Participant: 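Could you have a look at this structure, given as structure tokens, before my questions?
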Amino acid sequence: MARTYLDHNATTPVEPAAADAMMRALQDLFGNASSVHYYGQQAKAALDDSRSAIAALIGAEPSEVIFTSGGTEADNFAIRGAAEALEVTGRKHLITSGIEHEAVINTFKVLARRGWKTTMLPLDPTGIVSPDRLRDAMTDQTAVVSIMHANNEIGTIQPVAELAQAAHAHGALFHTDAVQTVGKIPVNVRTLGVDLLSLSGHKFYGPKGAGALWVKRGVRLSPFLAGGKQERNRRAGTENVPGLIGMGVAASRAMAKMASEGVRLSDLRDRLENGILSAVPHTEINGAREPRVPNTTNLSFDRIEAESLLIALDLEGVAVSTGSACSSGTLEPSHVLKAMNLSSHRAQNSIRFSLGASNTEEQIDHVIAILPRIVTKLRSLSAAGSR
């Protein structure tokens with residue numbers, strides 16, 4: 001059976017050049033990057049190259065990039081580190097939105113239990129955070145605002161530059177989870193005007209277990225891990241040299257092909273979206289169609305349970321998802337779609353298609369061709385079961 005992978009927002013296959021670089025590193029660069037001898041300095045030089053590649057991808061300086069184990073650690077470090085560093089000032093108010101990744105939402109819950117006041121901004125069905133709503137929520141006690149750059153389930157891009165300005169007007173720091181945008185669309189930390197930005201290598205064809213947090217020069221963070229003096233005393237623990245090298249190579253490759261690949265993927269996404277909407281009745285797009293990352297669409301199929309559709313597609317060789325991979329295994333409706341004030345039923349019958357480098361027009365046309373039959377069958381079963 002020919003298989004089609006349409007779940008690139010969950011993870012991406014490793015870029016062959018990145019995998020090759022990692023294999024060489026595993027064999028040849030075994031030194032500890034903190035060691036002062038030849039083997040250690042070899043590893044450190046390779047990490048410096050990767051740090052420069054990540055910095056170039058986001059318009060930053062290499063010294064501002066802290067390596068982490070991925071996006072979740074970067075989000076935790078940014079929010080908890082900044083909040084704890086500002087605690088002595090008396091600022092103990094934090095703001096986020098209801099569509100954030102669990103790494104952000106659950107970090108807010110942890111801080112709320114420790115005494116911080118938290119505000120979760122409401123959204124409308126567009127899935128876009130209103131800068132006016134943020135301005136209304138800001139107080140002189142607000143320490144950190146965290147709003148993602150693009151949502152992992154619906155792909156909508158937030159007005160981060162305007163949101164950051166609103167936060168700064170009250171003296172607060174602004175963090176953005178850019179895990180779903182870095183490597184897909186141009187991301188420049190200076191243009192966005194943020195103070196902290198999280199990214200993850202396995203979302204742009206690097207390995208899992210490698211990520212980074214960008215910290216604007218002058219922003220103070222309380223250390224997230226207790227230990228050694230790695231990452232300029234900011235993140236303890238021996239660096240994952242092969243993984244970070246792989247992420248650096250993937251970053252350079254993503255930067256080189258971003259413009260052309262973005263156009264190709266948006267064309268494929270629109271082909272898929274329009275084909276499904278035309279061929280399958282009672283189907284709707286979730287969230288604003290623009291601005292979105294070029295590879296993502298989230299569709300609601302009336303009178304169908306998303307889990308059933310996901311399994312049926314998988315049996316046909318097509319891999320999709322019902323939302324964030326970090327929420328898999330739960331039958332609860334998507335918290336993202338619920339935060340957009342969509343009905344629980346609609347939140348439970350929605351599927352995310354996220355495209356990537358391996359996808360072709362032929363694969364997209366195959367999905368469009370098989371979906372009507374699958375949906376008709378599932379709807380008939382649902383109707384029979386309700387009688």
Side-chain angles (χ1 to χ4, degrees), residues 9 71 75 79 94-105 108 118-138 142 144-170 172 174-182 184-189 191-199 203 262 265-266 269-270 273 277 283-300 323-324 327 333-344 346-347 350-355:
N9 284 7
D75 285 343
I79 297 164
L94 311 169
I95 300 176
T96 189
S97 81
I99 65 169
E100 301 300 310
H101 189 276
E102 287 87 348
V104 170
I105 290 176
F108 268 64
T118 62
T119 298
M120 191 167 290
L121 299 176
L123 292 95
D124 61 29
T126 65
I128 295 177
V129 177
S130 164
D132 287 336
R133 281 181 170 166
L134 175 58
R135 293 185 188 99
D136 291 342
M138 294 293 302
T142 306
V144 181
V145 177
S146 180
I147 305 292
M148 66 193 343
H149 193 195
N151 183 262
N152 50 305
E153 294 192 23
I154 59 175
T156 51
I157 298 173
Q158 303 297 338
V160 166
E162 190 174 355
L163 293 167
Q165 286 180 347
H168 292 156
H170 286 265
F174 192 94
H175 163 254
T176 191
D177 176 337
V179 164
Q180 293 294 341
T181 54
V182 171
K184 294 179 183 175
I185 63 173
V187 174
N188 186 294
V189 293
T191 302
L192 291 176
V194 298
D195 303 292
L196 301 148
L197 180 145
S198 304
L199 61 91
K203 305 297 187 178
L265 289 177
S266 64
R269 179 202 62 197
D270 293 347
E273 207 168 63
L277 292 174
T283 304
E284 297 180 86
I285 298 172
N286 294 319
R289 298 188 77 159
E290 293 295 338
R292 280 186 297 174
V293 287
N295 77 317
T296 305
T297 183
N298 189 297
L299 298 173
S300 176
S324 171
S327 299
S334 161
H335 77 275
V336 170
L337 301 184
K338 287 177 67 178
M340 293 161 53
N341 288 315
L342 300 182
S343 67
S344 293
R346 183 165 173 179
S350 298
I351 291 287
R352 178 185 72 186
F353 300 84
S354 49
L355 287 63

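Here the structure is a predicted model, which means the values were calculated and not measured.
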Participant: Could you measure the distance from the CG atom of Asn152 to the CG atom of Asp177? Nearest 0.5 Å is fine.
Facilitator: 8.0 Å
Participant: Is the shortest side-chain N to carboxylate O distance from Asp132 to Arg135 below 4.0 Å?
Facilitator: yes
Participant: Between the side chain of Lys203 and the main-chain N/O of Asn9, is any donor-acceptor distance below 3.5 Å?
Facilitator: yes
Participant: Would you sort out whether Glu153 and Ile99 count as a side-chain contact (heavy atoms from CB on, under 4.5 Å), showing the intermediate values?
Facilitator: CA-CA 9 Å; Glu153 294 192 23; Ile99 65 169; over 6 Å; no
Participant: Please walk me through it: do Glu290 and Arg269 pass salt bridge (charged side-chain N to carboxylate O under 4.0 Å, His left out)?
Facilitator: CA-CA 13 Å; Glu290 293 295 338; Arg269 179 202 62 197; 3.7 Å; yes
Participant: If every non-hydrogen atom of Phe174 is compared with every non-hydrogen atom of Ala167, which pair is closest and at what distance?
Facilitator: CD1-CB, 3.9 Å
Participant: Kindly compute the distance separating CD1 (Ile285) from CD (Glu273), expressed to the nearest 0.5 Å.
Facilitator: 3.5 Å
Participant: Rounded to the nearest 0.5 Å, what's the gap from CD on Gln158 to CG on Asn151? Could you check?
Facilitator: 7.5 Å
Participant: Please round to the nearest 0.5 Å and tell me the distance separating atom NE2 of His175 and atom CD of Glu100.
Facilitator: 9.0 Å
Participant: Is the shortest side-chain heavy-atom distance between Asn298 and Leu337 below 4.5 Å?
Facilitator: yes
Participant: Quick check: do Gln180 and Thr296 have side-chain heavy atoms less than 4.5 Å from each other?
Facilitator: no
Participant: What are the two closest non-hydrogen atoms of Asn286 and Ser350, and how far apart are they?
Facilitator: ND2-OG, 2.9 Å
Participant: If only atom types and distance count, is the side chain of His170 paired as donor or acceptor with the main-chain N or O of Ala172 below 3.5 Å?
Facilitator: no
Participant: Do His149 side-chain atoms and Ser198 backbone N/O form a donor-acceptor pair below 3.5 Å?
Facilitator: no
Participant: Can you list, pair by pair, the side-chain donor-acceptor contacts under 3.5 Å of residues 121-129, counting residues two or more places apart and other chains?
Facilitator:
{"residue": "Asp124", "atom": "OD1", "partner": "Thr126", "partner atom": "N", "Å": "2.9"}
{"residue": "Asp124", "atom": "OD1", "partner": "Thr126", "partner atom": "OG1", "Å": "2.4"}
{"residue": "Thr126", "atom": "OG1", "partner": "Ile128", "partner atom": "N", "Å": "3.2"}

Participant: Would you call Thr181 and Lys184 a side-chain contact if the rule is heavy atoms closer than 4.5 Å?
Facilitator: no
Participant: Closest heavy-atom contact between Ser97 and Met120?
Facilitator: C-CG, 3.6 Å
Participant: What closest approach, in Å, do Ala164 and Gly193 show between heavy atoms, and which atom pair accounts for it?
Facilitator: CB-O, 3.6 Å
Participant: Can you confirm whether Val182 sits close enough to Leu197 that some side-chain heavy atom of one is under 4.5 Å from a side-chain heavy atom of the other?
Facilitator: yes
Participant: Any side-chain heavy atom of Met138 within less than 4.5 Å of one from Val145?
Facilitator: yes
Participant: Looking only at heavy atoms, what is the nearest atom pair of Ser146 and Ile79, with distance?
Facilitator: OG-CD1, 3.8 Å
Participant: Can you tell me how far apart CZ (Arg352) and CG (Leu299) are? Round to the nearest 0.5 Å.
Facilitator: 12.5 Å
Participant: Do you know which two heavy atoms are closest between Gly262 and Pro294, and how far apart they sit?
Facilitator: O-CB, 3.4 Å
Participant: Run through Val144, Leu163, Thr118, Thr119 and flag the one making a side-chain contact (heavy atoms from CB on, under 4.5 Å) with Ile95.
Facilitator: Thr119
Participant: Any chance you could measure Ile154, atom CD1, to Arg289, atom CZ, to the nearest 0.5 Å?
Facilitator: 13.5 Å
